[in-house]
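The structure under discussion appears below in the form of structure tokens.
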Amino acid sequence: MYSIDADNYLANIKTLLGIILKSLDRVCYICLDKSGQSIYEFCKENNVDLNKVVIVDMVSSRFMDCKSKGDIIYLPTGDLDKELKLIVKTIQGKKCSAIVFDSLSTL
């Protein structure tokens, strides 16, 4: 477990993803606080290999209709049991070696 300092959030995320992706094949980034699109753009701007990052957005569907695309998977919210099953299915299906939650307090 790695705790991120709120004041240095973006720098810490960049460091964390870099460390994870040096030794593991793929990471599942679960967005509970930030949109999947913002994480995607952040990764792009910081040269994070997006082929090794699966972004699961659990924020945006609360505010708008979303359809998953190759880079970002949008999951519906409201039924925790269903959400957890979809997350596990995604992690297994995409063969992720690590999981990053952007906000444990939201979890």
Side-chain angles (χ1 to χ4, degrees):
M1 181 178 277
Y2 180 83
S3 180
I4 295 174
D5 176 22
D7 293 332
N8 298 311
Y9 180 82
L10 294 176
N12 278 264
I13 286 293
K14 181 180 177 183
T15 301
L16 177 63
L17 290 174
I19 292 168
I20 290 171
L21 294 175
K22 280 183 183 176
S23 59
L24 300 173
D25 293 327
R26 186 168 287 175
V27 62
C28 181
Y29 191 110
I30 300 176
C31 306
L32 300 169
D33 190 48
K34 301 191 180 314
S35 74
Q37 187 63 41
S38 68
I39 298 304
Y40 178 84
E41 292 300 324
F42 170 79
C43 289
K44 231 168 102 172
E45 291 168 6
N46 288 281
N47 299 315
V48 174
D49 185 353
L50 285 160
N51 292 317
K52 293 183 163 196
V53 179
V54 176
I55 300 171
V56 176
D57 183 331
M58 299 187 70
V59 174
S60 299
S61 63
R62 290 185 250 169
F63 306 106
M64 61 185 171
D65 288 332
C66 304
K67 292 192 178 192
S68 296
K69 48 188 174 184
D71 301 320
I72 304 170
I73 299 168
Y74 295 94
L75 295 182
T77 58
D79 181 346
L80 185 59
D81 188 48
K82 184 178 178 180
E83 292 166 22
L84 291 174
K85 287 178 184 176
L86 290 170
I87 289 171
V88 169
K89 184 178 177 181
T90 300
I91 291 167
Q92 290 173 338
K94 298 289 186 173
K95 298 178 179 151
C96 297
S97 306
I99 303 168
V100 173
F101 291 94
D102 70 353
S103 175
L104 287 178
S105 62
T106 302
L107 180 62

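We're numbering straight along the sequence, starting at 1.
Thr15 and Asn12 share no side-chain donor-acceptor pair at under 3.5 Å.
No side-chain heavy atom of Tyr74 sits under 4.5 Å from any side-chain heavy atom of Val59. A 4.5 Å side-chain heavy-atom check between Ile19 and Leu17 finds every atom pair outside the cut-off. Using a 4.5 Å heavy-atom threshold, the side chains of Lys14 and Phe42 count as touching. Looking at Val88 and Leu86, their side chains never come closer than 4.5 Å, going by heavy atoms from C-beta outward. Residues Val27 and Val54 form no side-chain contact, since every pair of their non-hydrogen atoms from C-beta on lies 4.5 Å or further apart. At a threshold of 4.5 Å between non-hydrogen side-chain atoms, the residues Ile73 and Asp57 do not count as touching.
For Lys94, the salt bridge (charged side-chain N to carboxylate O under 4.0 Å, His left out) test picks out no residue, with sequence neighbours left out. Listed by chain and number, the residues in a side-chain hydrogen bond (donor to acceptor under 3.5 Å, both in side chains) with Glu41 are Gln37 (sequence neighbours excluded). Applying the side chain to side chain contact (heavy atoms under 4.5 Å, CB included) test to Lys34 and every residue at least two apart in sequence or in another chain returns Tyr9, Ser38, Ile39, Asp102. Not counting sequence neighbours, the partners of Asp25 by the side chain to side chain contact (heavy atoms under 4.5 Å, CB included) test are Ser97. Partners of Asp81 according to the side-chain hydrogen bond (donor to acceptor under 3.5 Å, both in side chains) rule, which considers only residues two or more places apart in sequence or in another chain, are Lys85.
Between the SG atom in Cys96 and the CD1 atom in Ile87 there is a gap of 11.5 Å [rounded to 0.5 Å].
Judged purely by atom type and a 3.5 angstrom limit, Asp49 uses its side chain to pair as donor or acceptor with the backbone of Asn51.
Here the closest heavy-atom approach between residue Arg26 and residue Lys95 is recorded as CB-O, 3.9 Å. Minimum heavy-atom separation, Gly36 to Cys31: CA-SG, 3.8 Å.
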Please step through side chain to side chain contact (heavy atoms under 4.5 Å, CB included) for the pair Val53 and Tyr40, ending with a clear verdict. CA-CA 9 Å; Val53 179; Tyr40 178 84; over 6 Å; no
Can you check side chain to side chain contact (heavy atoms under 4.5 Å, CB included) on Tyr29 and Val56, steps first, answer last? CA-CA 6 Å; Tyr29 191 110; Val56 176; over 6 Å; no
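Of the residues listed (Ile30, Ile72, Val100), the one engaging Ile55 in a side-chain contact (heavy atoms from CB on, under 4.5 Å) is Ile72, and it is the only one.
The number of heavy-atom neighbours closer than 6.0 Å to NZ of Lys52, taken from other residues, nucleotides and ligands shown, is above 12.
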